Structure formats: C-alpha cells, structure tokens
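All residue numbers refer to positions in the sequence shown, counting from 1. In this text the structure is predicted, and so the values were computed from the model without any measurement.
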Amino acid sequence: MLERITRSITSASIFLAAYFLLNIALRIALPHTLDLDEAEQSFYSQYLLAGYGPQPPFYNWIQYAIVSVTGISMWVLSVPKNIILFGCYLFYGLAAREVLKSRSLAAVAMLSLITLPQVGLMAQRELTHTVALLFATSLFLFGFFRTLRQPTIGSYLLIGIATGIGLISKYNFAILPFAALVAVLPEREWRSRLIDWRLLPAAVLAILIVLPHALWLPDNLASASAPTLERMTAEHLAPAGLPRIGQGLLSLVIAVLGFVALPIVLIAAAFRRDFFRALSSSSPMIRVIERMMVISLIAFVGVVLFAGASDIHERWLDPCLLVLLIYLFLKLETADLDLSAGLARFRPVVPVFMVVILSILLFRIVGIQYIGTYTRTNVPFSGYVAELTATRKPVLIVAGTKFVAGNMRLEFPDVPVVIPFFPGPGVPEYADAKGPVLVIWRGETADDPTISPGFANDLVKSGIHLPELKTLTLPYLFGDGKRSFSIGYSWVEGGAK
C-alpha cells in the first residue's frame with residue numbers, strides 16, 4: 001500500500017489530500033475558540049489594508065477575500081490554511097521531481113516534509129503567515145529548479161510570482177532569492193540564466209505583487225518592524241556587546257539543529273550505511289543547494305552580528321532550510337546506490353507522523369487536565385457569549401486585544417468588532433452605534449481580568465466611558481473544573497458623549 005502511494009507525485013498528493021481533510025475535520029470538531037493567529041485573521045478579515053502591522057499582508061488578503069464572499073466561520077479559517085499547506089507539499093514534490101530522476105524518490109521527498117517540526121506540527125497547530133511563507137518557498141524552489149533544468153518564460157514568471165508572494169508573506173523570505181542568485185554564479189552552465197531577458201518580466205511581476213504593501217511600508221516602518229526586532233533582540237535576556245553576539249550565535253545553532261535534526265536522524269536510520277556513503281556524493285545541483293543553505297545561514301549570522309539579534313526562532317529558517325529534504329534525497333540518488341531497502345524502511349514514517357500529529361492536536365486540547373498546561377483554545381468563549389447576551393445583543397463590540405476581538409468576531413459574525421485606534425484614528429463605529437455596545441477585555445493573567453491602563457486610556461480617548469466594570473469567570477473547556485479563565489466587560493450605550 002505505502003509503495004503504491006509513493007510511486008508518483010499524483011498518488012502521494014491524493015494521500016496528502018486525505019490527511020489534510022482529516023485536519024480540517026479535527027479542527028471543526030474541537031472547540032471553536034481561536035488561537036492567537038486564528039483570532040488575528042478573524043479580526044483582520046473585516047478590513048482590506050495594504051499593511052496590518054508586524055506581518056506582511058498576503059495571508060490577510062487571502063482571508064479577507066474568502067470571508068467577503070462566505071462570511072466568517074471556523075470552516076473559513078481552517079479550510080484555506082489547509083489548502084495552502086497542501087500547496088506547499090505539492091509544489092515541494094514538483095520541485096523534487098525537477099532534480100530527482102526517480103519519481104518514487106520525489107514522492108517520498110514530498111511526503112517527508114511532515115517530518116520537519118515547523119511544517120508537520122507547528123504549521124498545523126497555530127501558524128498562518130508562516131504557512132504562506134512555506135507555500136511561497138516551495139513554489140520558488142519549483143520555479144527555480146525548473147528554470148535551471150529547462151528554462152521557459154513560464155518558469156521565470158513562476159519565480160517572479162513566488163518571490164512576490166514570499167515577500168508579502170514574511171520579510172525573511174528575501175534571503176531565499178538572494179541566496180539562490182549567488183549560489184548559481186559559480187556554475188558556468190547555469191550562469192546564463194541570470195542574464196536571460198525572461199528574468200525582467202519575472203522581476204516586474206514580483207514588484208507588482210509587492211507594490212501595494214511596499215508603498216505602505218515606509219510610513220509604517222516602526223509598527224511593521226518593532227515587534228519582530230523586540231523578539232529578535234530579547235533585551236531582557238542578554239546584555240549588549242559580545243555576550244549578546246554569543247547568545248545570538250548559540251541561538252542560531254540551536255535553531256538550525258532543532259530544524260534539521262529530526263529528519264536527518266530518521267533518514268539516516270532508514271538508509272543506514274547508504275546515508276553516510278551518500279554524504280560525499282556531489283553534482284552541480286547539489287553544489288547549488290549547498291551554497292543556497294550556507295549563504296542563507298551566513299545572512300542570519302549577519303543579523304546576529306549587525307542587527308543585535310540574540311533569539312533566533314526555528315520557523316525563521318523556513319526559507320533557508322526547507323530545501324534540506326530534497327538535498328538529502330538528491331545526495332542518496334547521486335551516490336547511485338540501491339535504495340529499495342532504505343525506502344521500504346522510511347515509508348512507514350510518514351503515516352506514523354500523521355497519526356502522531358493528529359493525536360497531539362487532539363490531546364493538547366481535550367487532555368489538558370492530564371497535561372496541566374491550558375491552551376487558548378480551551379478558553380470558553382461560547383460560554384461567555386451565552387452569559388453576556390442572555391438578555392441583550394450588542395450592536396458593536398470593542399475589544400482590548402486581537403485575541404479577544406477575533407473570538408468575538410467569530411461568535412458575532414454580523415456585529416462589527418473594533419479595537420481602539422485600529423486601523424484608523426479612533427472608533428468611528430461607536431459614534432454611530434444605535435444600541436448597546438459591549439466592551440470586553442482580558443487581563444494579564446487567566447484569573448485577573450483587570451483592565452489594562454493602556455486599553456482604559458484608549459477607550460477614554462475614543463469617547464467611551466465605562467459606567468461599571470464587571471467580571472465573568474468560567475472554567476476551562478475540558479479542564480478539571482478547578483482552573484478558570486476570567487474576562488472583564490462593560491455594557492455602554494452607543495454614541496459619543
């Protein structure tokens with residue numbers, strides 16, 4: 001059975017499609033409380049903007065377009081994400097097919113993406129913008145390898161589309177096309193690809209895709225970069241100077257090991273001595289991929305040395321190291337060894353990972369009373385809504401955070417949900433509200449719903465004065481009943497005072 005699945009990209013794709021359908025079904029079956037990224041998408045789907053803050057807008061645009069047609073729902077949040085992830089696997093398989101002679105090996109390379117923790121688990125668990133980045137990276141690799149092997153106007157345009165999408169998915173994607181360009185330079189047979197006239201329309205296409213956000217970026221550079229820079233520098237963890245550089249380099253090494261260790265161990269265990277024999281194999285394509293990865297990592301070293309980064313996350317390495325699996329299987333194939341035994345041992349890894357990932361996604365929600373770590377998905381937002389709206393319904397909801405705003409938007413798809421000063425200079429809907437307005441927030445901790453001074457101040461500036469601060473506390477979903485989550489709220493009448 002597994003051998004039939006890995007005979008071609010087509011059969012492997014059908015197998016993956018079934019897996020992603022299971023992921024969708026599981027997310028729909030679990031509580032509809034949204035995690036941070038999901039809540040952000042739910043809230044932002046009310047607006048079509050050139051930029052939304054620290055993350056580029058591609059995923060937001062996709063979500064907005066779909067919500068504009070269908071309305072907001074858990075289905076609308078889950079299905080597009082899984083389609084984009086499926087696209088990541090599919091184009092990765094097509095990229096592998098461009099460089100691998102064996103169709104079976106290309107299919108295995110595609111399926112083996114699930115062994116990368118950032119792709120297999122983290123992308124399913126909570127990420128959104130990174131999902132778009134993974135898709136763009138796979139699409140770029142397909143266009144890039146296709147252009148090296150058999151250049152056409154279509155392959156060049158594919159590179160342009162992938163580059164445009166990647167740059168408005170995550171800013172760190174910019175490292176990949178730069179690394180690919182430099183990696184090709186030493187190879188005489190492919191150097192001409194860089195001065196081909198077809199590269200010009202590809203560049204124009206990429207610029208057109210990026211242009212709306214690029215025009216927004218200069219006037220909003222602080223809001224777009226400050227949160228990321230704060231996470232990267234981790235000022236509270238490392239002093240300035242050499243200690244920070246040391247911590248940053250160590251963080252980069254740990255991130256690289258965390259990214260590559262598991263698939264390397266699994267492939268080495270499956271192919272055994274053949275894996276180590278294959279490490280010395282080389283070819284022009286292998287050398288290009290090696291340079292791409294090395295140049296990308298050198299770029300991150302530069303970020304540590306010159307930007308003061310001291311906390312590198314594994315997911316930031318996605319555009320740099322996603323090609324790793326193609327690289328490893330290309331090494332094995334180039335060594336001209338009999339890989340049948342190794343493939344037979346490796347194939348069962350994929351369905352095992354699928355079952356494990358689905359089990360983790362399920363148990364982290366329904367088994368929290370045994371784990372002890374409560375997730376945001378266990379917050380009982382549907383229970384809050386039932387309690388708060390038993391006697392009246394809001395015509396407007398003013399929320400303190402995107403987490404709260406996104407969840408309230410899902411619960412009240414026909415009611416505007418706003419956050420003070422986003423996206424404009426105030427809360428204009430409040431002045432026009434004809435009826436009760438629900439102001440709702442969460443505190444710094446689960447059991448402390450105290451309104452933050454910043455949110456309170458923003459409300460006053462927006463002309464909203466809270467007559468009475470109230471608290472609503474409910475136990476976590478699937479919890480043991482002993483631990484609860486509290487929110488603060490207040491009902492006010494609409495209209496500026």
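With rounding to the nearest 0.5 angstrom, the CG atom of Leu148 is 8.5 Å from the CD atom of Glu189.
Here the side chains of Tyr92 and Val119 are not in contact, with every heavy-atom distance at 4.5 Å or above.
Remark: the backbone N or O of Leu133 is paired with a side-chain donor or acceptor of Thr137 at under 3.5 angstrom. Counting only distance, with no hydrogens or angles, the side chain of Arg409 and the backbone of Pro413 share a donor-acceptor pair below 3.5 Å. Between the side chain of Ser45 and the backbone N or O of Ser42, at least one donor-acceptor pair lies under 3.5 Å. Within the 3.5 Å criterion, the main-chain N or O of Leu49 finds a donor-acceptor partner in the side chain of Trp61. Arg193 places a side-chain N or O within 3.5 Å of a backbone atom of Thr147 that can act as its donor or acceptor partner. Looking at Asn378, its side chain never comes within 3.5 Å of a backbone N or O of Tyr374 through a donor-acceptor pair. Without hydrogens or angle criteria, Ser78 side chain to Met74 main chain gives no donor-acceptor distance under 3.5 Å. Although no hydrogens or angles enter the test, the distance criterion places no donor-acceptor pair under 3.5 Å between the side chain of Asp196 and the main chain of Ser192.
The two atoms that bring Ala123 and Val131 nearest to each other are O-CG2, 3.8 Å, heavy atoms only. The shortest non-hydrogen separation linking Ala96 to Ala109 is CB-CB, 4.1 Å. When all heavy atoms of Leu127 and Asp37 are compared, the closest pair comes out as CA-OD2, 3.4 Å. The two atoms that bring Leu116 and Pro263 nearest to each other are CD2-CG, 3.5 Å, heavy atoms only. Shortest non-hydrogen contact noted between Ile165 and Ala136 is CG2-CB, 3.9 Å. In terms of heavy atoms, Trp190 sits closest to Met285 at CH2-N, 3.7 Å.
Ionic pairing of Glu290 and Lys331 is present here: one or more N-O contacts between side-chain nitrogen and carboxylate oxygen are shorter than 4.0 angstrom. Between Glu333 and Lys101 there is no salt bridge, since none of the side-chain N atoms of the basic residue sits less than 4.0 Å from a carboxylate O of the acidic one. The pair Asp274-Arg277 meets the salt-bridge criterion, with a side-chain N (NZ, NE, NH1 or NH2) lying under 4.0 Å from an Asp/Glu carboxylate O.
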Query raised in the report: For Phe58 and Ile209, what are the C-alpha separation, side-chain angles and deciding distance, and is it a side-chain contact (heavy atoms from CB on, under 4.5 Å)?
Result: CA-CA 10 Å; Phe58 177 72; Ile209 294 172; 6.0 Å; no

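Using a 30° and 60° split on the angle between ring planes, Phe20 and Tyr89 fall in the perpendicular class, above 60°. Ring planes of Phe135 and Phe91: perpendicular class, angle over 60° (limits at 30 and 60°).
Outside the 6.0 Å centre-distance limit, the rings of Tyr47 and Tyr52 are not counted as a close aromatic pair. For Tyr44 and Tyr64, the ring centers sit 6.0 Å or farther from each other.
Glu38 and Asn407 are not linked by any side-chain donor-acceptor pair at a separation below 3.5 angstrom, with hydrogens and angles left out of the test. Between the side chains of Ser11 and Ser8, at least one donor-acceptor pair of N or O atoms lies under 3.5 Å.
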